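This report refers to the structure that appears directly beneath it.
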Amino acid sequence: MLFHNVNDLKTIEGKELLSILKDLKNKKLIKNIGVSIYDRNEINISLMYFKPEVIQFPFNPINKKNFDKSFIDYLKKTGIKIQVRSIFFQGLLLKNFFYIKKQKINNNIKKALKFIDNLSKKKKITKIELAIDYIRSVNPDGIVVGVDNIQQFKIITELFKRNFKTKNIKGLPKFDNIDTRANILLK
């Protein structure tokens with residue numbers, strides 16, 4: 001069970017909910033209590049109220065400014081399980097760049113998407129392969145993935161079964177001013 005907004009922990013209702021969740025965990029009705037965050041500062045907020053057993057955050061080849069491998073390794077050493085989401089950058093990583101150019105998307109994001117598009121062509125792999133290999137390189141405890149159809153589901157599950165190739169994911173730069181929050185994507 002994850003808190004979607006760590007600021008809820010500051011409220012009376014949030015504190016009551018945390019108490020209820022701890023009780024449910026003691027009764028073995030839920031396995032872990034954690035937080036779903038967008039940036040590292042939100043971890044500090046949650047730590048003021050409890051130590052999350054699971055932290056879930058957006059992580060993909062474009063949005064890695066706040067969360068890198070060393071940070072993930074640090075959290076794991078403290079016993080916190082890591083789940084990543086938005087591994088396809090809200091689906092934009094999988095779109096044809098021709099589609100991206102026509103959308104009202106932040107220019108920094110367009111540049112980053114173009115870089116990924118070019119990199120996948122250079123490496124002769126699909127963008128979905130590049131994204132999955134990148135995610136697997138940091139070895140998260142869990143990955144949350146959304147799919148549009150059964151074909152995508154089959155492709156994704158097959159890619160997760162194979163051995164990943166680190167050569168596909170080396171040399172990815174950090175992109176500035178990139179965020180996965182929906183309201184940031186637009187110009």
Side-chain angles (χ1 to χ4, degrees), residues 2-8 35-43 55-72 82-187:
L2 304 179
F3 279 86
H4 179 66
N5 185 341
V6 295
N7 290 315
D8 290 342
V35 293
S36 181
I37 62 172
Y38 282 97
D39 63 54
R40 289 165 82 152
N41 296 332
E42 292 175 313
I43 293 171
I55 295 178
Q56 182 188 95
F57 51 84
F59 190 76
N60 56 63
I62 291 177
N63 183 330
K64 58 186 181 168
K65 184 175 166 186
N66 287 308
F67 310 106
D68 57 17
K69 184 164 176 30
S70 64
F71 181 69
I72 291 170
I82 302 302
Q83 287 184 354
V84 295
R85 68 175 188 274
S86 195
I87 69 169
F88 304 125
F89 200 66
Q90 296 184 0
L92 291 176
L93 274 173
L94 307 182
K95 300 281 186 195
N96 182 304
F97 194 72
F98 182 75
Y99 166 85
I100 299 295
K101 287 193 300 188
K102 294 184 174 197
Q103 302 305 307
K104 291 182 180 180
I105 298 173
N106 174 299
N107 284 331
N108 289 333
I109 293 173
K110 281 185 182 180
K111 287 177 188 174
L113 290 167
K114 181 64 176 168
F115 178 87
I116 296 298
D117 192 62
N118 289 335
L119 182 63
S120 72
K121 289 174 184 170
K122 180 180 172 187
K123 301 268 185 188
K124 297 181 181 172
I125 59 171
T126 64
K127 291 185 281 187
I128 195 170
E129 288 175 292
L130 190 138
I132 289 174
D133 286 355
Y134 178 72
I135 298 308
R136 290 182 57 196
S137 74
V138 298
N139 196 26
D141 298 299
I143 301 168
V144 178
V145 178
V147 297
D148 290 331
N149 53 53
I150 192 72
Q151 186 63 27
Q152 267 187 1
F153 176 76
K154 288 178 181 179
I155 291 168
I156 290 168
T157 54
E158 285 304 313
L159 289 172
F160 275 115
K161 289 178 188 176
R162 72 164 199 192
N163 291 328
F164 74 96
K165 303 168 186 139
T166 55
K167 68 176 183 160
N168 292 343
I169 46 102
K170 287 184 181 176
L172 288 176
K174 286 187 179 181
F175 299 100
D176 293 329
N177 303 318
I178 303 290
D179 198 332
T180 56
R181 295 175 226 226
N183 60 340
I184 304 291
L185 294 177
L186 300 176
K187 289 183 177 180

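Remember, it's a predicted structure, so these values are computed and weren't measured experimentally.
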* Return the set of residues passing ring-ring contact (aromatic ring centres under 6.0 Å, His included) with Phe153 (not counting sequence neighbours), or none when no residue passes. => none
* Among all residues two or more places apart in sequence or in another chain, which pass the ring-ring contact (aromatic ring centres under 6.0 Å, His included) test with Phe3? ->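 Result, ring-ring contact (aromatic ring centres under 6.0 Å, His included) vs Phe3: none returned.
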* Are Asp117 and Lys114 close enough that some pair of their side-chain heavy atoms sits under 4.5 Å apart? -> yes
* Compare all side-chain heavy atoms of Thr157 with those of Phe160 and state whether any distance is below 4.5 angstrom. =>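 A side-chain contact under 4.5 Å is absent here.
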Closest approach of [X] to [Y] (non-hydrogen atoms, all atoms of both residues):
X: Pro140; Y: Ile135; answer: CD-O, 3.3 Å
X: Ile87; Y: Asn60; answer: O-CB, 3.2 Å
X: Ala131; Y: Pro61; answer: CA-CG, 3.9 Å

* **side-chain hydrogen bond (donor to acceptor under 3.5 Å, both in side chains) partner of Thr126, chosen from Glu129, Lys124, Lys123** =>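 Only one of Glu129, Lys124, Lys123 forms a side-chain hydrogen bond (donor to acceptor under 3.5 Å, both in side chains) with Thr126, namely Glu129.
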Could you give the distance from [atom1] ([X]) to [atom2] ([Y]), rounded to the nearest 0.5 Å?
X: Leu93; Y: Leu113; atom1: CG; atom2: CG; answer: 6.0 Å
X: Ser86; Y: Tyr38; atom1: OG; atom2: OH; answer: 8.0 Å
X: Phe97; Y: Lys102; atom1: CZ; atom2: NZ; answer: 12.5 Å
X: Leu130; Y: Ile125; atom1: CG; atom2: CD1; answer: 4.0 Å

* To do: Give the intermediate values and the outcome of side-chain contact (heavy atoms from CB on, under 4.5 Å) for residues Ile109 and Ile62.
  => CA-CA 8 Å; Ile109 293 173; Ile62 291 177; 5.7 Å; no
So does [Y] get a backbone contact from the side chain of [X], meaning a donor-acceptor N/O pair under 3.5 Å?
X: Lys127; Y: Ile116; value: no
X: Lys110; Y: Lys101; value: yes
X: Glu42; Y: Asp39; value: yes
X: Asp141; Y: Ile82; value: yes
X: Gln152; Y: Asp148; value: yes

* Whether Phe59 and Tyr134 hold their rings parallel, tilted or perpendicular, with breakpoints at 30° and 60° ->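 Answer is parallel, since the angle falls under 30°.
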* Worked check of side-chain contact (heavy atoms from CB on, under 4.5 Å) between Phe71 and Ile43 -> CA-CA 12 Å; Phe71 181 69; Ile43 293 171; 3.2 Å; yes
* To do: Could you check Ile156 against Phe88 for side-chain contact (heavy atoms from CB on, under 4.5 Å), going step by step and ending with a plain yes or no?
  => CA-CA 11 Å; Ile156 290 168; Phe88 304 125; 3.7 Å; yes
* Check the pair Gln83, Leu2 against side-chain contact (heavy atoms from CB on, under 4.5 Å), reporting the backbone distance first and the verdict last. => CA-CA 11 Å; Gln83 287 184 354; Leu2 304 179; 4.1 Å; yes
* **NZ/Lys154: more than 12 non-hydrogen atoms of other groups inside 6.0 Å** =>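 Count not over threshold, so no.
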* **Ser36: side chain to side chain donor-acceptor pair (under 3.5 Å) partners, not counting sequence neighbours** =>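 Ser36: side chain to side chain donor-acceptor pair (under 3.5 Å) contacts with Gln56, Arg85.
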* Can you spot which of Ile132, Asn139, Val138 makes a side-chain contact (heavy atoms from CB on, under 4.5 Å) with Arg136? =>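 Answer after filtering Ile132, Asn139, Val138: Ile132.
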